[in-house]
Amino acid sequence: MTRVGPLWRVHRQEPLALAPYVHERAGYVGVPGPRYEARLVPNNCVMVVVNLGAPFTRMGRLDGPPPTVSTLRTPVGGLEDGPGVVEHPGGQEALRIQVTPLGAYRLFAMPLSELSNTVVGLDDVLGPAADELIERLAATADWARRFALLDNTLLHRIDQGPAADPHVAHAWHLLTAGPRAIPIARIAKEIGWSHKHLLRRFTHQIGLTPKSVARIVRFQHAVALLSSPGAKLAEVSATCKFYDQAHMNRDFRELAGVSPKLCASSPWAAARAVELD
């Protein structure tokens with residue numbers, strides 16, 4: 001267990017069979033205390049949170065309307081192309097799973113375009129199986145057994161679910177393999193599809209357009225560089241292939257709701273560590 005903001009984080013290495021589909025899953029435990037708020041930024045993952053204690057009081061886009069549901073026990077958030085926020089009354093006990101889009105497509109057996117930039121309940125995507133999973137996890141106090149139960153459930157559903165189109169999977173891996181910019185037209189040519197067909201199929205199975213995914217990859221790389229001691233905005237902008245610093249500023253404002261300078265500051269980094277690290 002490690003301390004992350006107001007919470008204790010419980011981690012266990014995922015099985016190798018889950019590695020292609022699950023980016024990370026961890027438990028979070030917090031002693032009863034004051035409410036907290038955390039900023040979320042796009043990371044090209046579908047987030048599932050199984051609350052075993054008090055539910056979130058808010059989870060959604062920072063620049064969007066309040067959610068229609070006042071309390072969210074088991075939220076599922078699709079890929080986002082803008083900043084989000086979560087609020088919790090304190091005393092959290094939960095399991096958080098960050099699923100890759102290729103994993104989420106198999107896990108939920110539905111178009112991920114229906115989940116992008118929105119938050120739904122786990123029962124909306126898993127049906128009655130969601131309540132059964134939550135009840136079994138809540139009845140299990142041992143974290144090792146909780147992870148084993150969760151992993152077995154994920155493996156079973158992923159094994160039974162539909163695989164993404166191999167061309168979509170290839171395009172995804174090209175876009176997310178590193179911070180280098182790969183023109184979308186070149187990817188379409190490599191897999192033998194038209195640009196329109198790639199856009200349609202990719203968005204259907206991944207949730208965002210190839211351009212949006214590449215933009216988030218570049219943003220995440222810039223955030224990592226800005227977190228290094230002595231990082232200079234101009235050098236980070238050039239390394240990450242932004243057109244200029246104004247371009248980087250605009251991307252940060254639209255994706256994180258803050259400037260690159262503020263993103264590099266320790267208070268903001270510490271605040272978002274509650275839900276992102």
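This one's a predicted model, so the numbers in the text were calculated from it and none came from an experiment. Note: hydrogens, waters and symmetry copies are ignored here, and every other heavy atom, side chains too, is used.
- With hydrogens and angles left out, the side-chain atoms of R201 and H204 include no donor and acceptor closer than 3.5 Å.
- Between the NE2 atom in H247 and the NZ atom in K241 there is a gap of 13.5 Å [rounded to 0.5 Å].
- Checked against salt bridge (Lys or Arg N to Asp or Glu O under 4.0 Å), D244 has no partners two or more places apart in sequence or in another chain.
- Screening L40, V76, V99 against M47 for a side chain to side chain contact (heavy atoms under 4.5 Å, CB included) leaves a single residue, L40.
- Residues P15 and L18 form a side-chain contact, since some pair of their non-hydrogen atoms from C-beta on lies under 4.5 Å apart.
- Across P111 and Y105, no two heavy atoms sit closer than the pair CA-CE1, 4.5 Å.
- Scanning all heavy atoms of the two residues, the minimum distance from Q92 to F56 falls at NE2-CZ, 3.5 Å.
- Using a 4.5 Å heavy-atom threshold, the side chains of F242 and N249 count as separate.
- Pairing each heavy atom of L79 with each of I206, the nearest pair is CD2-O, 3.8 Å.
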Give the table of side-chain donor-acceptor pairs shorter than 3.5 Å for residues 210-219, with sequence neighbours excluded, one pair per line with atom names and distance.
residue, atom, partner, partner atom, Å
S212, OG, T209, OG1, 3.1
R215, NE, D251, OD1, 3.0
R215, NE, D251, OD2, 3.4
R215, NH2, D251, OD1, 2.9
R215, NH2, E254, OE1, 2.3
R218, NH2, D251, OD2, 3.1

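- With rounding to the nearest 0.5 angstrom, the CZ atom of R250 is 11.0 Å from the CG atom of L255.
- Under the 3.5 Å distance criterion, the side-chain polar atoms of D124 are matched with a main-chain donor or acceptor of G121.
- Using a 4.5 Å cut-off on side-chain heavy atoms (C-beta onward), V120 and P75 make no contact.
- The OG1 atom of T100 sits 10.5 Å away from atom CZ of R106, with the distance rounded to the nearest 0.5 Å.
- To the nearest 0.5 angstrom, R146 atom CZ is 6.5 Å from L95 atom CG.
- By the salt bridge (Lys or Arg N to Asp or Glu O under 4.0 Å) test, D81 is found to be paired with R61, residues two or more places apart in sequence or in another chain being considered.
- Within 6.0 Å of CZ in R200 there are more than 12 heavy atoms belonging to other residues, nucleotides or ligands.
- The minimum heavy-atom distance linking M59 with V119 is given by the pair O-CG2, 3.8 Å.
- Distance CH2/W193 to NE2/H167: 5.5 Å, rounded to 0.5 Å.
- Residues L126 and R157 form a side-chain contact, since some pair of their non-hydrogen atoms from C-beta on lies under 4.5 Å apart.
- Side-chain atoms of E24 and H11 form no donor-acceptor pair, as typed in the model, at a separation below 3.5 Å.
- In this model, a donor atom of one side chain and an acceptor atom of the other lie less than 3.5 Å apart for N43 and Q98.
- Looking only at distances, no side-chain donor or acceptor of S228 sits under 3.5 Å from a matching main-chain atom of A231.
- Minimum interatomic distance between S116 and G207 (heavy atoms only, all atoms of both residues): CB-O, 3.1 Å.
- Not one N or O on the side chain of R136 forms a donor-acceptor pair closer than 3.5 Å with the backbone of L149.
- Distance check: K261 NZ to Q245 CD gives 10.5 Å after rounding to the nearest 0.5 Å.
- R58 places a side-chain heavy atom less than 4.5 Å from the side chain of V85.
- Residues A171 and I187 approach most closely at CB-CG2, 3.8 Å, considering heavy atoms.
- Only one option out of T74, T153, D123 pairs with L133 in a side chain to side chain contact (heavy atoms under 4.5 Å, CB included); it is T153.
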